[in-house]
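First comes the structure, then the notes that go with it.
Atom set for the values below is all heavy atoms of this structure, side chains included, hydrogens, waters and symmetry mates excluded.
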Amino acid sequence: MSDMTETQKSGLVRYLPLIAIFTAAVIGAFTLRDYLSFEALRDNREALIAFRDNNYLLTVLVFIAAYTAIVTFSLPGAAIASITGGFLFATFPGALFNIAAATMGATLIFLAARWGMGEKLAAKMEASDGAVKKIKDGIDENQWSMLFLIRLVPAVPFFVANLVPAMVGVPLHRFVISTLLGIIPGAVVYTSVGAGLGDVFARGETPNLGIIFEPQILLPILGLCALAALPMVLKLFKK
């Protein structure tokens, strides 16, 4: 009886990081929406610039920590955070700060999901038979392609791209590398939008957050998606 209780407690502890992330995401969706918005950035732009000019290194550290928390807890405002990185630090090194923060946040939520349920689910899929086993084997054979594909496709929500690999047993190093490289195109686009915010503010306009879906941006990204999917297609034809 005691062993069973300890096992239950151990199982509950494993879920605590996921529970904390889910709780923070729900609370943040209702309480932070007005604070992580373009309007908030516009209204506080002068104070942010002044703080950056007087405390550059501290601003970088606070920005990266805040962006990492936004990604880790799936809070609203990730796109605004990327734009803010460009606004405060220009396209370069702003893009580097955005990529570093997004990768760290994604890795934290990946580890929480894998520790909570991913390892057990992946083990069950590996030990199963029939269709489930075939799906797991197919994913294992094409992990790199799958990881880059879900990062590059703009329609895949970022938190989904963090959770799915944890559920199918993707190694940590593959997840980190594919995330770091796969988010570069989108990060550079949004950072460059932020770098031009000064002119947007001067005109009293709102930045176009849908720019990533415009043909001149989307077509090259889709080309990268096709390259990422090519190994899977070749394997399919060989079989």
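Between F110 and V176, the closest side-chain pair of non-hydrogen atoms is not below 4.5 Å. Contact annotation: the side chain of S74 never approaches that of N162 to less than 4.5 Å [non-hydrogen atoms, C-beta and beyond]. Inter-residue side-chain proximity for V170 and M146 is flagged as met; some heavy-atom pair is nearer than 4.5 Å. I183 is listed as a side-chain neighbour of T103, based on a closest heavy-atom distance under 4.5 Å.
Under the side chain to side chain contact (heavy atoms under 4.5 Å, CB included) criterion, A101 pairs with I64, Y67, T68, sequence neighbours left out. For the side chain to side chain contact (heavy atoms under 4.5 Å, CB included) test, residues two or more places apart in sequence or in another chain that qualify with T23 are I19, I27. For F148, there are no ring pair (Phe, Tyr, Trp, His ring centres under 6.0 Å) partners at least two apart in sequence or on another chain. The side chain to side chain contact (heavy atoms under 4.5 Å, CB included) test applied to F22 returns V26, not counting sequence neighbours. In this structure, the ring pair (Phe, Tyr, Trp, His ring centres under 6.0 Å) partners of F89, at least two apart in sequence or on a different chain, are Y56, F63, F97.
Hydrophobic clustering, defined by side-chain heavy atoms of Ile, Leu, Val, Met, Phe, Trp and Tyr closer than 4.5 Å, groups L58 together with F51, V62.
Separating the CZ atom in R45 from the CZ atom in R52 is a distance of 13.5 Å, to the nearest 0.5 Å. Rounding to the nearest 0.5 angstrom, the gap separating the CG atom in L149 from the OG atom in S178 is 11.5 Å. Here the straight-line distance linking atom OG1 of T107 with atom CG of L172 works out to 6.5 Å at 0.5 Å rounding. Going from atom CG of N44 over to atom OG1 of T84 covers 10.5 Å, rounded to the nearest 0.5 Å. L96 contributes atom CG, which lies 9.0 Å from atom CD1 of I184 (distance to the nearest 0.5 angstrom). Here I99 contributes atom CD1 and T191 contributes atom OG1; the two are 7.0 Å apart, rounded to the nearest 0.5 Å.
Seen from the ring of F158, R151 counts as a face-on cation partner, given the 6.0 Å and 45° thresholds.
The minimum heavy-atom distance linking P185 with L152 is given by the pair CG-CD2, 4.0 Å. Summarising the geometry of L75 relative to A69, their closest heavy-atom pair is CD1-O, 4.1 Å, with the distance given to 0.1 Å. Shortest non-hydrogen contact noted between P171 and Q143 is CD-OE1, 3.2 Å. Here the closest non-hydrogen pair linking G105 and T72 is CA-OG1, 3.3 Å. In terms of heavy atoms, A106 sits closest to V71 at N-CG1, 3.5 Å. Considering all non-hydrogen atoms of both residues, T91 and S192 come closest at OG1-CA, 3.5 Å.
The cluster map of Ile, Leu, Val, Met, Phe, Trp and Tyr, joined by side-chain heavy atoms under 4.5 Å apart, puts F38 and V193 in the same cluster. Placement of I70 and V160 within a single hydrophobic cluster is found when ILVMFWY residues are connected by side-chain heavy-atom separations under 4.5 Å, directly or transitively. Linking Ile, Leu, Val, Met, Phe, Trp and Tyr whenever their side-chain heavy atoms come within less than 4.5 Å puts I49 and I80 in one cluster. Taking hydrophobic clusters as Ile, Leu, Val, Met, Phe, Trp and Tyr residues chained together by side-chain heavy-atom distances below 4.5 Å, L108 does not share a cluster with F175.
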- Task: Check the pair L48, L41 against side chain to side chain contact (heavy atoms under 4.5 Å, CB included), reporting the backbone distance first and the verdict last.
- Result: CA-CA 9 Å; L48 288 172; L41 176 59; 3.7 Å; yes
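Aromatic ring orientation, H173 versus W144: perpendicular (interplanar angle above 60°, classes split at 30° and 60°).
The closest donor-acceptor contact from the side chain of N98 to the backbone of S82 lies under 3.5 Å.
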